[in-house]
Number of protein chains: 2
Amino acid sequence: MRYSDYKKVLKKHHLRITDSRIDVLERFYNTIHALSFKDLEDQLEGYDRVTLYRTLNSFIDQGIIHRIPNDTGSACYGICFETCTPEQHYHNHIHFKCIKCGYIDCLPDTHIPLIDLPGYEIIDSNLIINGICKDCKKNAN
Amino acid sequence: MRYSDYKKVLKKHHLRITDSRIDVLERFYNTIHALSFKDLEDQLEGYDRVTLYRTLNSFIDQGIIHRIPNDTGSACYGICFETCTPEQHYHNHIHFKCIKCGYIDCLPDTHIPLIDLPGYEIIDSNLIINGICKDCKKNAN
DNA sequence: ACTTTTATGCAATATTATTGCAAAAAAGTA
DNA sequence: TACTTTTTTGCAATAATATTGCATAAAAGT
């Protein structure tokens with residue numbers, strides 16, 4: 001993806017073209033893992049922390065990225081595949097968190113099984129699977 | 001449950017009997033929802049924040065409670081059903097988070113469907129379903 | 001009753017996230 | 001392009017969440 005493509009993504013999601021948005025977007029498109037705030041902060045020196053937080057929030061609001069629940073306390077963010085709009089996030093892929101390398105990956109070809117919960121109204125669901133990823137299994141021996 | 005029962009729980013999990021552990025345990029047994037740190041702090045005045053954090057951590061280590069991932073950044077804790085030991089947490093029930101009242105509930109009679117992820121080694125999984133709980137549906141009209 | 005081990009409270013510090021506001025940059029318009 | 005309006009940025013301050021070290025207190029073991 002090139003600068004002009006990132007611009008298109010931002011335009012499509014009704015966001016102004018700014019340096020930090022282009023750079024953050026580039027990080028998401030060129031990283032196979034989900035990114036934490038800290039990842040972005042380390043990789044994008046020069047921007048104020050506040051700017052990065054606001055950039056992430058604008059992306060979430062506009063359906064460019066989604067927040068991935070995490071029991072460690074610090075949120076992670078994954079890029080949304082084609083389906084999300086400013087009106088609603090539509091993704092129900094599984095997230096995998098590797099306990100060795102710590103990376104969280106979106107598994108785009110998976111989907112969370114439908115669950116029937118009588119009496120409850122289900123809006124969406126998050127499935128995070130913990131385990132050991134392919135790379136870490138390979139490197140184990 | 002009475003004081004003597006809470007004592008038994010703590011003993012079974014190799015923890016000393018202290019006031020804060022008894023009181024925190026009581027809160028978990030007498031609350032149908034999962035509890036956040038803030039909930040406990042509000043409900044158990046008189047204990048230092050640090051003591052409450054350490055009490056929660058000792059409960060997690062010993063398999064009395066489990067941490068529930070939460071995309072808001074502040075962790076929630078649910079009590080473990082009979083199955084957990086200091087060696088390993090064994091629970092794979094579904095968690096339900098109501099977007100109206102904000103409460104997270106453990107659904108003890110459910111279980112997370114087994115997922116097959118070729119190449120990955122799965123250790124455990126967390127499924128959090130967001131929606132509207134029975135109570136809030138009832139109160140809606 | 002005494003000793004050993006563990007937990008608690010306090011103070012300090014670290015980490016993560018948000019807000020207000022003036023200056024800078026982007027987008028819209030003539 | 002020059003000008004205006006709107007939004008974004010950086011800085012400083014502050015809030016919210018979590019951890020550590022250490023002396024004292026309490027629990028458990030003998």
Side-chain angles (χ1 to χ4, degrees), chain A residues 3-4 6-27 34-62 64-77 86 102 104, chain B residues 3-4 6-27 34-62 64-77 86 102 104:
Chain A
Y3 177 65
S4 59
Y6 298 129
K7 262 171 78 168
K8 274 181 208 148
V9 173
L10 292 176
K11 282 208 174 127
K12 185 177 149 198
H13 290 90
H14 314 111
L15 289 171
R16 289 194 174 190
I17 318 301
T18 70
D19 290 357
S20 80
R21 288 190 181 141
I22 296 287
D23 284 343
V24 170
L25 206 49
E26 184 278 335
R27 289 287 74 222
L35 292 165
S36 67
F37 178 79
K38 204 173 171 321
D39 292 334
L40 288 166
E41 200 186 10
D42 292 344
Q43 293 170 28
L44 295 176
E45 291 179 31
Y47 293 107
D48 193 272
R49 306 166 47 78
V50 177
T51 300
L52 294 178
Y53 277 115
R54 289 195 269 226
T55 300
L56 289 170
N57 287 334
S58 69
F59 284 8
I60 291 173
D61 291 345
Q62 301 306 319
I64 297 179
I65 61 174
H66 56 279
R67 208 188 293 264
I68 304 169
N70 191 340
D71 61 14
T72 68
S74 65
C76 258
Y77 307 88
I104 296 178
Chain B
Y3 177 64
S4 58
Y6 297 130
K7 261 170 78 168
K8 272 180 210 149
V9 173
L10 292 176
K11 282 207 173 126
K12 184 176 150 200
H13 290 89
H14 314 111
L15 289 172
R16 290 192 171 191
I17 318 303
T18 69
D19 291 357
S20 81
R21 288 189 182 142
I22 296 287
D23 284 342
V24 171
L25 206 48
E26 185 277 335
R27 287 289 71 222
L35 291 166
S36 67
F37 178 80
K38 206 174 170 323
D39 292 334
L40 288 165
E41 200 186 9
D42 292 344
Q43 292 170 28
L44 295 176
E45 291 180 30
Y47 293 108
D48 193 89
R49 305 166 49 77
V50 177
T51 301
L52 294 178
Y53 276 116
R54 288 196 269 226
T55 300
L56 289 170
N57 286 334
S58 69
F59 284 9
I60 291 172
D61 292 345
Q62 300 305 321
I64 298 179
I65 61 174
H66 56 279
R67 208 188 294 264
I68 304 170
N70 191 339
D71 60 13
T72 68
S74 65
C76 259
Y77 308 88
I104 297 178

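Every chain is numbered from 1, with letters handed out A, B, ... down the list of sequences. Nothing here was measured: the structure is a model prediction, and the numbers come from that model.
- In this structure the side chain of B:L10 reaches within 4.5 angstrom of the side chain of B:I22, judged on heavy atoms.
- Rounded to whole angstrom, the span from the CG atom of A:N57 across to the P atom of D:dT7 amounts to 17 Å.
- A donor-acceptor contact closer than 3.5 angstrom links the side chains of B:S20 and B:T55.
- Spacing between atom CD1 of A:I22 and atom P of C:dA26 amounts to 11 Å, rounded to whole angstrom units.
- If you check distances only, the side chain of A:R21 never reaches the base of D:dT8 with a donor-acceptor pair under 3.5 Å.
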Task: Steps toward salt bridge (charged side-chain N to carboxylate O under 4.0 Å, His left out) verdict (A:D23, A:R27) - done: CA-CA 6 Å; A:D23 284 343; A:R27 289 287 74 222; over 6 Å; no
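- Nearer the 5' end of DNA chain D, as judged by each residue's closest nucleotide, is the contact made by A:L15, out of A:L15 and B:V50.
- Not a single donor-acceptor contact under 3.5 angstrom links the side-chain atoms of A:R49 to the base of D:dG10.
- Here the closest heavy-atom approach between residue A:Y77 and residue A:R67 is recorded as OH-NH1, 3.5 Å.
- The side chain of B:S20 contributes no N or O atom lying less than 4.0 Å from OP1 or OP2 of C:dA7.
- For the pair B:K38 NZ and D:dA18 P, the computed distance is 12 Å after rounding to whole Å.
- Between the CD atom of B:Q62 and the C1' atom of C:dA7 there is a distance of 14 Å, rounded to whole Å.
- The distance from atom NE2 of B:H14 to atom P of C:dA7 is 13 Å, rounded to the nearest whole Å.
- Distances shorter than 4.0 Å separate some side-chain N or O of B:Y53 from OP1 or OP2 on D:dA18.
- Taking atom CG of residue B:L52 and atom P of nucleotide C:dT8, one finds them 9 Å apart after rounding to whole Å.
- In terms of position on DNA chain C, the residue among A:R67 and B:T55 whose nearest nucleotide sits closer to the 5' end is B:T55.
- For the pair A:E41 CD and C:dA14 C1', the interatomic distance rounds to 14 Å; values are reported in whole Å.
- Residue A:L52 comes nearest to A:E41 through the heavy atom pair CD1-CA, 3.8 Å, listed as atom of the first residue, atom of the second, then distance.
- No hydrogens or angles were tested; on distance alone, a donor-acceptor pair under 3.5 Å links the side chain of A:R16 to the base of D:dT6.
- Between B:T51 and A:R54, the residue anchored nearer the 5' end of DNA chain C, judged by the nucleotide with its closest heavy atom, is B:T51.
- Per the geometry, CG belonging to B:D48 stands 14 Å off C1' belonging to D:dA25, to the nearest Å.
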